[in-house]
Amino acid sequence: MSSIEALFSAASKARLSAYAPYSGFAVGAALATDSGAIFSGTNVENAAYPVGTCAEAAAIAAMVVAGQRRIAEILIVGEGDALVTPCGACRQRMREFAGEDAKIHVAGTTGVRATFTLGALLPEAFGPSMTKAGPP
Ligand code: THU
């Protein structure tokens, strides 16, 4: 199985667990770390709408729980005609753990539809090396 197939499978499975009663829009995300491990997540909405979290944030949290820190590539799956590209906040969340060359695959329910780099989706990003403390 290629890394993209494994990510698509993990993200699609995570999407089935979405808690999205308000938007009705289920999203799954899966990321591969530099060690090849895969972590997935789904969106978790809330009656207080802004408190809801994205699938990508959940996948990143799962990675951090496992003690890993480096995203090699990430895949997001959602349905509909429009590409389900990550929101601005999630692009910044990815930037914390990924370089501008990291690949972001955007998939529909039948497979990958487009691939971008993080640098293309978040140009001139503010990242860990720009903080006073420097990268961790
Ligand atoms: N959503 C994600 O989980 N990831 C994305 O990349 C786009 C949007 C979620 C947030 C919310 O629960 C629902 O999709 C509708 O915006």
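Indexing begins at 1, ligand by ligand and atom by atom, following the structure's order. Note that the structure is predicted; figures quoted are calculated from it, not measured.
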Protein heavy atom at shortest distance from atom 3 (O) of ligand 1: Ala55 N, 2.9 Å
The one among Glu45, Glu56, Arg91 that brings a heavy atom closest to atom 5 (C) of ligand 1: Glu56
Under 3.5 Å, which donor-acceptor pairs link side chains of residues 20-33 to any protein atom two or more places apart or in another chain?
residue, atom, partner, partner atom, Å
Ser23, OG, Phe25, N, 3.0
Ser23, OG, Glu45, OE2, 2.5
Thr33, OG1, Ser35, N, 3.3
Thr33, OG1, Ser35, OG, 2.9
Thr33, OG1, Ala37, N, 3.3
Thr33, OG1, Gln68, OE1, 2.7

Heavy-atom donor-acceptor pair, Gln92 side chain to Leu122 backbone, under 3.5 Å: no
Shortest protein heavy-atom distance from atom 9 (C) of ligand 1, along with the residue and atom involved: Asn43 ND2, 3.5 Å
Basic-acidic side-chain contact under 4.0 Å: Arg15, Glu79: yes
For Thr85, atoms of ligand 1 separated by under 4.0 Å from a heavy atom: 6 (O)
Side-chain (Ser9) to main-chain (Glu5) donor-acceptor, under 3.5 angstrom: no
Closest non-hydrogen atom pair, Gly41 against Ala14: O-CB, 3.4 Å
Identity and separation of the nearest protein heavy atom to atom 10 (C) of ligand 1: Cys54 SG, 4.0 Å
Region of Thr42 engaging ligand 1 - heavy atom pairs below 4.0 Å: neither
Expected output: side-chain Thr131 to main-chain Pro128 donor-acceptor under 3.5 Å: yes
Nearest-contact summary for atom 16 (O) of ligand 1 - protein heavy atom, Å: Phe25 CD2, 4.7 Å
Closest to atom 15 (C) of ligand 1 among Ala26, Pro86, Gly28, Ser23 (heavy-atom distance): Ser23
Run the side-chain donor-acceptor check on residues 93-110: report pairs under 3.5 Å with partners two or more places apart or on a different chain.
residue, atom, partner, partner atom, Å
Arg95, NH1, Ala98, O, 3.1
His105, ND1, Thr115, OG1, 2.9
His105, NE2, Glu73, OE1, 2.7

Nearest-contact summary for atom 1 (N) of ligand 1 - protein heavy atom, Å: Val27 CG2, 3.7 Å
